[in-house]
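In what follows, a structure is listed as structure tokens, so that the remarks can point back to it.
None of these values were measured; they are calculated from a predicted model. Throughout, a chain's letter reflects where its sequence line sits, starting with A, and its residues are numbered from 1.
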Amino acid sequence: MSGNAGRVVALIDGNSFYCSCERVFDPKLARVPVIVLSNNDGCAIARTAEAKALGIRMGEPYFKIRDLCRRQGVRLFSSNYTLYGDMSGRTNAVYRQFSPRVEVYSIDESFLDLSDVAAPVRVELARDLRATVRAWTGIPTCVGIGPTKTLAKLANHIAKSVPALDGVCDLTDAAASDHWLCRVAVGEVWGIGRASLAKLEAMGVESVADLRDLDPRPVRKGLTVVGERIIHELRGLACLPLDLVPARRKGCAVTRSFSARITDRATLEEAVAAHATRLGEKLRREGLGTDHVTVFYHTSEHDRDAPQRSVATTVSLPEHSSDTLALIQAARLGVAKTWRDPSPDRPAWRYSKAGVVTNDLWPLIESPRALIGALDRARSGPLMAAMDACNARWGRGAVVPARAGLVARRDWTTKFDMRTPRYTTQVGELAVVHAGGV
DNA sequence: TCTGGGGTCCTAGGACCC
DNA sequence: TCTGGGGTCCTAGGACCC
């Protein structure tokens, strides 16, 4: 526990962040329902208030709401992560003008240390922050303030759901905390998910205040140390530090559902080779390497009457590497080792998803070399650097190893039928402004 | 027809060791 | 018939998050 009296943190996040990013570049989207879809245009993963009001839920499959969207004039967008990532960077640049101590928690949420801001002007500063972010980036936000991260998260939730608060809620004060914690359902607490909620409800816990007032020790039995920590945090005792420097990532995965089912080995191998290519790019960007690749592929639970198969296998590399050729080779081997051909009495499995996963990532600069079977770093380094440079300049996929496969059939690739231009990161996709009149 | 992707942390239980 | 008591490390699976 790192409880230090007088600490104050704020959680600021973008409202319906992905939708708001789309709105920045199309004023006509203001005040109309907008949703952004997940990869493959599968599910709704961001919804404006207008879309929520229509009953569109988080994670709802698109095919279930297609008719509703058409009838109600909901504007639909495929995910444009390049745009959202860039807009995220811009909002954080504004945050840093208000507090140098910022933890970027997710693409649309950051914690700010406000310990040095005097209590009387804290809310005023938060309003100024919101207004500045709105003016400089176009993104609407809400701010929650509290003595711990958990209370700041809760305050943010309250700021969003109570319009009278005008986007800012401060739970630093014990009286304010008492007032609100009785009025918010325990399921809204950061870290209380479905399973914990069921346990708490069985114990008669309904409000956040009920949870706060439980004896933390016995809670540990059912809700682990995580539950115990939450209670302390709700009481104002900080257990979660502000992580100003992002921790080095421990694992990396590239997984995708296919836009159409796959039944043949060549196409599956091509898919995992493409994923391995992407994996290599991600690892090289952070100077990390892996000594193994886990390959998985499986059928879909939604294909109810079809035969099911789920495969996962791990292939070792001779040493830590981020070399795309080595990763592709391993990924293809993973398929080769586990592929099963259909037979007369067994129809082909219809695979819906595949991925490559690695754990135990290590900075390449300090990873040991293999004595036997070592990869040729002298050639790999410059080759990968050249490939990355080409792809940075001409777009991802401009240069790929032939080993990734160049099969003409590409109907498994992810769908992005409704993606907007990458306005802020590609010169060729800049927004065009038409001057009105004659 | 069509149902996302990518992380982290925690615990239990097995293997292994002395 | 009797068949300890710890440690550590690893992995799988659950839970949760955005």
What contact category does [X] fall into here, base, sugar-phosphate, or nothing, at under 4.0 angstrom with non-hydrogen atoms?
| X | value |
| --- | --- |
| A/Lys353 | sugar-phosphate |
| A/Tyr105 | sugar-phosphate |
| A/Val36 | nothing |
| A/Glu60 | nothing |
| A/Val357 | nothing |
| A/Gly59 | nothing |

Pairing string of DNA chain B (Watson-Crick or G-U wobble, both atom distances under 3.5 Å; | = paired to other strand) is ....||||||||||||||
Does some side-chain heavy atom of [Y] sit less than 4.5 Å from a side-chain heavy atom of [X]?
| X | Y | value |
| --- | --- | --- |
| A/Leu76 | A/Tyr62 | yes |
| A/Cys239 | A/Thr148 | no |
| A/Thr424 | A/Leu83 | yes |

For A/Glu103 and A/Pro241, work out which heavy atoms get closest and say how close.
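The pair with the smallest heavy-atom distance is OE1-O, 3.9 Å.
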Check whether any side-chain N or O of A/Thr224 sits under 3.5 Å from a backbone N or O of A/Arg220 as a donor-acceptor pair, and report yes or no.
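No.
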Of A/Leu234, A/Leu240, A/Ile230, which is the lone residue that meets side chain to side chain contact (heavy atoms under 4.5 Å, CB included) with A/Trp190?
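Option passing the side chain to side chain contact (heavy atoms under 4.5 Å, CB included) with A/Trp190: A/Leu240.
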Set of residues satisfying ring pair (Phe, Tyr, Trp, His ring centres under 6.0 Å) with respect to A/His292, sequence neighbours excluded
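By the ring pair (Phe, Tyr, Trp, His ring centres under 6.0 Å) rule, A/His292 matches no residue at all.
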Assign each of A/Arg229 and A/Tyr18 to its nearest nucleotide of DNA chain B by heavy atoms, then name whichever residue's nucleotide is nearer the 5' end.
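This one resolves to A/Tyr18.
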How do A/Tyr81 and A/Arg249 order along DNA chain B: which one's closest nucleotide is nearer the 5' end?
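Result: A/Tyr81.
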Can a salt bridge be assigned to the pair A/Arg31 and A/Glu50 using a cut-off of 4.0 Å between side-chain N and carboxylate O?
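Answer for the salt bridge query: no.
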For chain A and DNA chain C, what are the first and last nucleotides along the strand, 5' to 3', with at least one atom under 4.0 angstrom from a heavy atom of the protein chain?
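Range of nucleotides touched by chain A: C/dA15 to C/dC18.
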Residue from A/Arg284, A/Arg278, A/Lys282 passing salt bridge (charged side-chain N to carboxylate O under 4.0 Å, His left out) with A/Asp388
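Testing each of A/Arg284, A/Arg278, A/Lys282 against A/Asp388, the sole residue satisfying salt bridge (charged side-chain N to carboxylate O under 4.0 Å, His left out) is A/Arg284.
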